[in-house]
Number of protein chains: 2
Amino acid sequence: MYRIGELAQRYEVKTDTLRFYDKHGLLIPSSRSESGYRIYTEADAERLRFILRAKAIGFSLTDIAELLSIELDKSNWACADVKGVVDIKLADVEAKIAELNYFKASLQRLSDACCGGPESAEHCSILEALESNSSAVKCENQTHDHDQSHYGKNCQNRP
Amino acid sequence: MYRIGELAQRYEVKTDTLRFYDKHGLLIPSSRSESGYRIYTEADAERLRFILRAKAIGFSLTDIAELLSIELDKSNWACADVKGVVDIKLADVEAKIAELNYFKASLQRLSDACCGGPESAEHCSILEALESNSSAVKCENQTHDHDQSHYGKNCQNRP
DNA sequence: TATAACCTTAGAGTTGAATCTAAGGTCAAG
DNA sequence: CTTGACCTTAGATTCAACTCTAAGGTTATA
């Protein structure tokens with residue numbers, strides 16, 4: 001039997017968060033004290049661990065609510081249902097990774113083309129790439145010239 | 001010279017979005033008509049292209065505002081400033097990718113351990129993993145047994 | 001019995017990037 | 001001269017997942 005503060009401390013969440021989970025039906029404490037304090041049982045704590053674990057794996061609270069409703073009524077669901085939730089999330093995460101890898105490549109191309117030195121940005125290849133219509137990034141040694149050796153191995157696309 | 005609707009259509013954004021960019025200082029139209037209509041010039045359109053390109057690369061509107069303020073006053077900034085913005089974003093994107101890869105691995109482990117069949121979820125290894133305290137995912141063939149050949153090459157962690 | 005540390009509630013605020021609503025003004029075509 | 005497509009504004013709403021505030025009630029300890 002825990003009060004909200006104890007449970008919060010034990011699982012390193014804010015009491016606000018537990019109240020939020022209560023209000024949204026994810027974790028409604030098994031009972032209340034006479035004065036209205038939330039009383040959490042060990043089973044409630046288990047449910048919280050389930051929530052936190054699922055959250056750590058990347059599920060949204062909506063996903064978790066779905067998982068919990070299956071969990072509470074397992075025998076009326078099939079493995080396929082559960083795996084479905086996981087696989088949708090997996091596809092989701094994979095799509096996000098692909099998108100971010102695309103961003104990363106774009107940023108890397110920009111970064112590599114720029115000397116990063118104290119020179120004026122008037123001929124900065126990053127700004128020029130953002131101004132131009134093409135997706136090509138021109139290297140800076142073609143526009144302002146300086147001793148690039150100071151600034152590391154930039155501009156991967158030089159001849 | 002474009003009115004808001006024309007510019008919006010040309011670049012496939014909503015007029016709302018352009019008004020939002022106006023209000024937030026990202027793209028203030030060069031002039032207004034007598035009746036107060038926003039009038040965008042070709043230079044404004046160019047600036048919009050800059051914004052959209054930067055957005056596609058994954059910059060937030062705040063990042064873009066910074067990039068634009070450098071762009072407008074290039075000669076008073078160094079390449080290092082510009083590259084700084086890009087490199088911070090790059091680190092950011094890399095961190096997000098790493099986190100998502102971690103999520104992906106967790107989800108993959110869960111998915112692989114579950115048969116995904118029409119069997120009752122009572123012994124579903126996904127739910128069991130979420131219930132248990134360990135991060136290990138036990139394979140289902142140890143709990144409910146069925147002809148797994150129907151459901152593909154699941155449960156990578158079997159003996 | 002007073003003080004501090006707890007607990008309660010309803011409701012507002014946060015972030016980012018729009019998107020929507022209401023109430024109204026402008027303009028070209030028929 | 002009216003219809004409909006456009007434009008204006010301020011301000012509200014959306015999404016997720018909290019986080020915070022104000023105003024007050026409870027409980028353990030000195």
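Reminder, nothing fancy here: chain letters follow the sequence lines and each chain counts from 1. Computed from a predicted model, the values in this text were never measured in an experiment.
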request  = Starting from P on C:dC6, measure out to CG on A:Leu7 and report it in whole angstrom.
outcome  = 15 Å
Closer than 3.5 angstrom, by distance alone: can the side chain of [X] be matched with the main-chain N or O of [Y] as a donor-acceptor pair?
{"X": "A:Asn101", "Y": "A:Ala98", "answer": "no"}
{"X": "B:Asp112", "Y": "B:Arg109", "answer": "no"}
{"X": "B:Arg53", "Y": "B:Leu48", "answer": "no"}

Within 6.0 angstrom of A:Glu6 CD, more than 12 heavy atoms from elsewhere = yes
key: Crowding at CD, B:Glu42 (>12 non-hydrogen neighbours, <6.0 Å)   = yes
request  = Decide yes or no for B:Ile4 and B:Tyr40: does some side-chain heavy atom of the first lie under 4.5 Å from some side-chain heavy atom of the second?
outcome  =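 When only atoms from C-beta onward are counted, B:Tyr40 and B:Ile4 do touch, with a gap below 4.5 Å.
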query = Please walk me through it: do A:Asp22 and A:Leu27 pass side chain to side chain contact (heavy atoms under 4.5 Å, CB included)?
reply = CA-CA 5 Å; A:Asp22 183 354; A:Leu27 180 61; over 6 Å; no
ask   = Are B:Val85 and B:Leu52 connected, step by step, through hydrophobic side chains (Ile, Leu, Val, Met, Phe, Trp, Tyr) whose heavy atoms are closer than 4.5 Å?
value =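 Both belong to a single hydrophobic cluster.
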inquiry  = Closer than 4.0 angstrom, basic N to acidic O: yes or no for A:Asp16 and A:Arg19?
reply    =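 Salt bridge present between A:Asp16 and A:Arg19.
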query = Do the charged groups of B:Glu131 and A:Lys74 touch, with an N to O distance under 4.0 Å?
reply =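 Yes, B:Glu131 and A:Lys74 are salt-bridged.
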Axis bend over the full length of the helix from C:dT1-D:dA30 to C:dG30-D:dC1, computed from five pairs that close each end, to 10 degrees =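 One end's axis against the other's: 30°.
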Annotated protein contacts, base or backbone, on nucleotides 12-18 of chain D with a non-hydrogen cut-off under 4.0 Å, one of B, S, - each = -----BB
For nucleotides 6-9 of chain D, tabulate all protein N/O to nucleotide N/O atom pairs closer than 3.5 Å, reporting atom names and distance.
| unit_1 | atom_1 | unit_2 | atom_2 | d |
| --- | --- | --- | --- | --- |
| D:dC7 | OP1 | B:Gly5 | N | 2.7 |
| D:dT8 | OP1 | B:Arg38 | N | 2.7 |
| D:dT8 | OP1 | B:Arg38 | NH1 | 2.9 |
| D:dT8 | OP2 | B:Arg19 | NE | 3.1 |
| D:dT8 | OP2 | B:Arg19 | NH2 | 3.1 |
| D:dT8 | OP2 | B:Arg38 | NH1 | 3.3 |
| D:dT9 | OP1 | B:Arg32 | NH1 | 3.2 |
| D:dT9 | OP1 | B:Arg32 | NH2 | 3.3 |
| D:dT9 | OP2 | B:Arg38 | NH1 | 2.9 |
| D:dT9 | OP2 | B:Arg38 | NH2 | 2.8 |

